[in-house]
2 protein chains.
Amino acid sequence: MSGPRFQPVRTVRAYERIVEQIEHAVESGELRPGERLPSERDLMVQFSVSRSTVREALRVLQARGMVRSRPGDPHGAEVLPFTPAALHKSMTTLARVDELSLAELVQFRMVLEGAAYLLAARLHTPSQLAEMDAAIARMRAAEGEEEFGAADVDFHDAVARASGNKLIQICSDVVRSIVVNLIADKIRAPELRARSIAHHEEALAAVRAGDGPLAARLARQALSDFYSPYLPEGALGVLLEEAAGEEAAGGA
Amino acid sequence: MSGPRFQPVRTVRAYERIVEQIEHAVESGELRPGERLPSERDLMVQFSVSRSTVREALRVLQARGMVRSRPGDPHGAEVLPFTPAALHKSMTTLARVDELSLAELVQFRMVLEGAAYLLAARLHTPSQLAEMDAAIARMRAAEGEEEFGAADVDFHDAVARASGNKLIQICSDVVRSIVVNLIADKIRAPELRARSIAHHEEALAAVRAGDGPLAARLARQALSDFYSPYLPEGALGVLLEEAAGEEAAGGA
DNA sequence: GCATATTTGTCCGTATGTATC
DNA sequence: CGATACATACGGACAAATATG
């Protein structure tokens, strides 16, 4: 029947093998963030390739956010700590190619923030609660739109961190910034601030009381209220109703 | 007080400007997937840079999965349709650097699949239900581990597509493959198949009945049952309990 | 503060294997 | 099959930028 399944022989480029080796060194912890790579000339000797090939490999690694090289730096390229920049980049292009509608992004935010609140209500530490308090205070005291937005971001980041799940935290941050960038001009109306602050206080109270489901419901509702003017009719309704449905099912 | 806030002047590399221009052309739809870029020699004329610079730019674009170039291709580099490959790559490195624990990944799967089921129960089409039926049938008829796994993936992908949210679909796929790769050896025990099939049938019945909350609960429970042997005690409990808490709160 | 050496960024020319017509 | 054009890879070169003594 099926004989020995051979692997297709892909002709692997020289620069790719360099990328693989350096990438592996970083992922295995052999190269730690902050450490330096050898200079390009050293690398071309170690890999026995030309400098062009070394440079193409470095450009790929740089595009992935793993290293950074500056002209004239005698220490060689620097190994960077992981940042979700690459994740952010690929999600942004995914959204830009118009593969993603604003409704889908907001819906995803509702899912992520709901989960974050659910977890944060149970796992939060006192210092994280203090951070949320401080963020709300800064929202209240904010003068410019920028200041208000920054405090808002800090609040949500504190909640995401309190969830104890770095993936939720990173994805929430990425999706939020994408959504905000997409409709940055239209929103941030000062007349919405009071309502926004009130919402954050309610949600925080629910977190403090350990009522994750309530906090999640408030978050979904707030997102729906805020973004529905910019979305087609009923784009978010399903998630709201179904979340409510979860409760009804439990009551039965 | 605060004078005019100037932008820090970053010396932008030549290859970066090329990347920006081509990237913009793709994102704006000026260059569509399947179309070809000019040859490297044409590009070095159009941008008035050297060949090396053009190549470094192409390597970056290739790393982002936007183009593909083959030696000898007279048509030039091909513009690729968007694939979540870049997303997959960055999430994988995020997990590999051990920034992410297996518990966090599984937890994230619980969140995503729960949301997918919630939406799919309301938005599914008849053809998508048929796909899920077919996938379960193939799971039942599967002989090898590989076949079973492929059918399993197809089922979950059908659910994710039925959610109508491409971001949920893509992220679910990415996180699932990462988790599976992390513990590929240990699992897939044949004795678990019957139970797995039974679970899928239950979840599909819930979807067909339009009971999203039930389907979501089943999915979370199945993930917890399946992965808890490989996780520290109580790593997933919070999410299960809190999801149950959503119901209790609704009953009150 | 300054001069120097090193490194990166960029350019040019060339050779080689390959895909298409 | 042959001719052509292409990508891959090599090596040498110069200017700008940077760190070091």
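Each chain gets a letter, A, B and so on, in the order the sequences are listed, and its residues count up from 1.
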Given dC12(C), dG9(C), dA9(D), which nucleotide is nearest the side-chain atoms of S50(A)?
dA9(D)
So, using side-chain contact (heavy atoms from CB on, under 4.5 Å) as the criterion, who are the partners of S48(A) when residues are at least two apart?
none
Starting at atom CE of M44(A), determine the distance to atom C1' of dT7(C), rounded to an integer number of angstrom.
13 Å
From CD1 of I18(B) over to C1' of dT10(C), roughly how many Å is that when rounded to an integer?
11 Å
Comparing nearest nucleotides in DNA chain C, the 5'-proximal residue of the pair S52(A), G76(A) is G76(A)
With the side chain defined as heavy atoms from C-beta on, R55(A) is closest, among dA7(D), dC11(C), dT10(C), to dT10(C)
In whole angstrom, what separates R13(B)'s CZ from dC11(C)'s C1'?
17 Å
Report yes if at least one side-chain N or O of S69(B) is closer than 4.0 Å to OP1 or OP2 of dT8(D); otherwise report no.
yes
Walking DNA chain D from its 5' end, the first of H75(A) and V49(A) to be reached, judged by nearest nucleotide, is V49(A)
Sort me out a list of protein N/O and nucleotides 2-5 of chain D N/O pairs below 3.5 Å, or just none if empty.
none

Round to a whole Å and report the spacing from CD of Q62(B) to P of dA7(D).
12 Å
Under 4.0 angstrom, heavy atoms only, what part of the nucleic acid is E40(A) near: base, sugar-phosphate, or nothing?
sugar-phosphate
Could you tell me how far apart R17(A) (CZ) and dA9(D) (P) are, to the nearest whole angstrom?
11 Å
Taking CZ from R68(A) and P from dT7(C), how many angstroms apart are they, rounded to a whole number?
18 Å
From F155(B) atom CZ to L204(B) atom CG, the distance as rounded to the nearest 0.5 Å
5.0 Å
By ring-ring contact (aromatic ring centres under 6.0 Å, His included) - contacts of H156(A) (at least two apart):
H200(A)
Taking the minimum atom-to-atom distance to the side chain of E56(B), which one of dT10(C), dT8(D), dC11(C) wins?
dT10(C)
Does the base of dG9(C) carry an N or O that pairs as donor and acceptor with the side chain of R51(A) under 3.5 Å?
yes
Any N or O donor-acceptor pair under 3.5 Å from the base of dT20(C) to the side chain of R70(B)?
no
Rounded off to whole Å, could you give me the CZ-to-C1' distance for the R41(B) and dG13(C) pair?
11 Å
Strictly by salt bridge (charged side-chain N to carboxylate O under 4.0 Å, His left out), give each pair with a member in residues 124-134 of chain A just once, sequence neighbours left out.
E131(A)-R161(A), D133(A)-R208(A)
With sequence neighbours excluded, tell me which residues meet side-chain contact (heavy atoms from CB on, under 4.5 Å) with A25(B).
E30(B), L31(B)
Sugar-phosphate, base or nothing in reach of R36(A), heavy atoms under 4.0 Å
nothing
Rounded off to whole Å, could you give me the CG-to-C1' distance for the D42(A) and dT6(C) pair?
11 Å
Please name the residue in the list R70(A), E35(A), R68(A) that meets the side chain to side chain contact (heavy atoms under 4.5 Å, CB included) test with E78(A).
R68(A)
How long is the straight-line distance from CD1 of I170(B) back to OG1 of T83(B), given to the nearest 0.5 Å?
9.0 Å
My understanding is that only residues two or more places apart in sequence, or in another chain, count here; which of them pass side chain to side chain donor-acceptor pair (under 3.5 Å) with H75(B)?
D73(B)
